[in-house]
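One structure is given below, encoded as structure tokens.
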Amino acid sequence: ERGEVIITSRRIDKSGIHHRFQDNVPQLRDHVLFKSMGTAIFDGEIMMPQVKDEDSLGSIMSVIGALPEKAVETQRKYGMAYLNIFDCMFADTDIQGLPLYQRRWILEQRIHHDPSFLIRKVTYQRLDNIEERKKAFYEALEQGYEGLIVKDANSYYGASHAFLKIKEHESIDAQIIGWNMGKGKYVDTLGSLFVAVTNETTGRLQEICSVMPGDDATRNALFIKLSYLNQQEIVDLGLIVELEGQKFSTGSSMRHPRILRYRTDRSVPNSMTLGTSI
């Protein structure tokens, strides 16, 4: 408001104030679109350009969680952070009680096309037919997205069950090939497991992710079992876990993996067509 732009995260400090980081992204703080629109509050996400197969969340946190000088330096190296806007809660007056489709119309009036692409409106489609929704979902997967967010067009802001995240999960049997020490509360025990599948092209094991081992009892039991073994001895154990995750990245890493169960009935992982073995 009044030409001042404040950008916050959801994190709240001890005094009840939301963490502010607008000085970390001066290209957004000083953007001309925000300077001439009156008073408004938008809901959105800060994003960073994808760098090869880098952890996108990590690169975002290195900007919004750093000191301003360090955040600006990171963006000079990896590219400028941009803002994806998907909702509007205030436009000269409180509009949280309006249905989503009306809030979205107001958003369209406030946020115009930005040639610099630093401020972007999340695209949306009105799809009332289930087959159209399925088609849109699989098209999104083909384009490299994790899935879709489906929203109730008549819901007010903050309504319970107003949206669903639709993602495709897959399960796979992978082999434990290593581990690392924990941090924080797990500093004296096992942190995470490194797991692999067989690369169909090379016939060799290829790491696809690191994953949390499970509950504390499982973690400690694995620490006792693995801590005195070298990597080849761990591989020779043939320990198999069934993983569930959200598809694979372009770098052949499973996204958001978790262990469904330990497969005592198997000693060989699945084979898959992957990139170059590492």
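Using a 4.5 Å cut-off on side-chain heavy atoms (C-beta onward), M80 and S116 make no contact. No side-chain heavy atom of L148 sits less than 4.5 Å from a side-chain heavy atom of Y138. By the 4.5 Å heavy-atom criterion applied to side chains, Y124 and K151 are not counted as neighbours. Side-chain contact check for D87 versus L107: every heavy-atom pair is 4.5 Å or farther apart. Between F223 and W179 the shortest side-chain heavy-atom distance falls below 4.5 Å. Residues E233 and V235 are not in side-chain contact: their nearest non-hydrogen atoms beyond the backbone lie 4.5 Å or more apart.
Every residue two or more places apart in sequence or in another chain that forms a ring pair (Phe, Tyr, Trp, His ring centres under 6.0 Å) with H113 is listed here: F117. For E108, the side-chain hydrogen bond (donor to acceptor under 3.5 Å, both in side chains) criterion is met by R104, K121, not counting sequence neighbours. For the ring pair (Phe, Tyr, Trp, His ring centres under 6.0 Å) test, residues two or more places apart in sequence or in another chain that qualify with H19 are F21.
Both Y78 and I60 belong to a single network of hydrophobic side chains, linked directly or stepwise wherever heavy atoms of I, L, V, M, F, W or Y lie under 4.5 Å apart. One hydrophobic cluster, built from ILVMFWY side chains closer than 4.5 Å, cannot hold both L28 and V72; they sit in different ones. Note on L141 and I166: same hydrophobic cluster, where clusters join Ile, Leu, Val, Met, Phe, Trp and Tyr whose side-chain heavy atoms are under 4.5 Å apart, directly or indirectly. One hydrophobic cluster holds both M47 and V25 under the rule that ILVMFWY side chains link at heavy-atom gaps under 4.5 Å. Note on F86 and I46: separate hydrophobic clusters, where clusters join Ile, Leu, Val, Met, Phe, Trp and Tyr whose side-chain heavy atoms are under 4.5 Å apart, directly or indirectly.
The main-chain N or O of I119 is found under 3.5 Å from a side-chain atom of D114 such that the two form a donor-acceptor pair. Judged by distance alone, the side chain of Q175 and the main-chain N or O of L237 form no donor-acceptor pair under 3.5 Å. In this structure a side-chain-to-backbone donor-acceptor pair under 3.5 Å is present from N180 to S192. No donor-acceptor pair under 3.5 Å is formed between the side chain of R20 and the backbone N or O of I6. Under a 3.5 Å cut-off, the side chain of Q109 and the backbone N or O of I106 do not form any donor-acceptor pair. Side chain of Q22 to backbone of I7: a donor-acceptor contact under 3.5 angstrom is found. Under the 3.5 Å distance criterion, the side-chain polar atoms of N270 are matched with a main-chain donor or acceptor of D173. One N or O on the side chain of N24 and one on the backbone of A66 form a donor-acceptor pair closer than 3.5 Å. No donor-acceptor pair under 3.5 Å is formed between the side chain of R261 and the backbone N or O of E242. One N or O on the side chain of R103 and one on the backbone of L98 form a donor-acceptor pair closer than 3.5 Å.
Closest of all the heavy-atom pairs between F137 and G147 is CE1-CA, 3.9 Å. Here the closest non-hydrogen pair linking P269 and A196 is CB-O, 3.8 Å. Nearest approach of P257 to V211, heavy atoms of both residues: O-CG2, 3.8 Å. Considering all non-hydrogen atoms of both residues, L118 and A81 come closest at CD2-O, 3.7 Å. When every heavy atom of G191 is checked against every heavy atom of P213, the shortest pair comes out as O-CD, 3.5 Å.
Y157 and D43 are linked by a side-chain donor-acceptor pair at a separation below 3.5 angstrom, with hydrogens and angles left out of the test. Between the side chains of D94 and Q96, at least one donor N or O sits under 3.5 Å from an acceptor N or O. Q125 and E132 share no side-chain donor-acceptor pair at under 3.5 Å.
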Let's go through L243 and C209 carefully: what are the C-alpha distance in whole Å and the side-chain angles of both, what is the deciding distance for side chain to side chain contact (heavy atoms under 4.5 Å, CB included) to 0.1 Å, and is it a yes or a no?
CA-CA 10 Å; L243 296 178; C209 65; 3.9 Å; yes

Working for side chain to side chain contact (heavy atoms under 4.5 Å, CB included), residues D92 and R110
CA-CA 11 Å; D92 296 325; R110 291 292 176 116; 2.6 Å; yes

I149 vs L164, test: side chain to side chain contact (heavy atoms under 4.5 Å, CB included). Steps then yes/no.
CA-CA 6 Å; I149 296 180; L164 293 171; over 6 Å; no

Show the numbers, then the answer: is there a side chain to side chain contact (heavy atoms under 4.5 Å, CB included) between F34 and I111?
CA-CA 9 Å; F34 289 143; I111 299 294; 4.2 Å; yes

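Remark: K225 NZ is loosely packed, at most 12 non-hydrogen atoms of other residues, nucleotides or ligands lying under 6.0 Å away.
Note that the OH atom of Y82 and the CD atom of E45 stand 10.0 Å from one another [nearest 0.5 Å]. Of the inter-residue distances, the one linking M254 atom CE with S171 atom OG reads 7.5 Å to the nearest 0.5 angstrom. Here the CD-CZ distance, from Q27 to R29, works out to 9.0 Å after rounding to the nearest 0.5 Å. Here CZ of R219 is found 8.5 Å from CG of L193. Values are rounded to the nearest 0.5 Å. Going from atom CG of L205 over to atom CD1 of I176 covers 12.5 Å, rounded to the nearest 0.5 Å. Interatomic distance, CG of L33 versus CG of D30, reported as 13.0 Å (0.5 Å rounding).
Checked options I240, L239, V241; the residue passing with Y262 is V241 (criterion: side-chain contact (heavy atoms from CB on, under 4.5 Å)).
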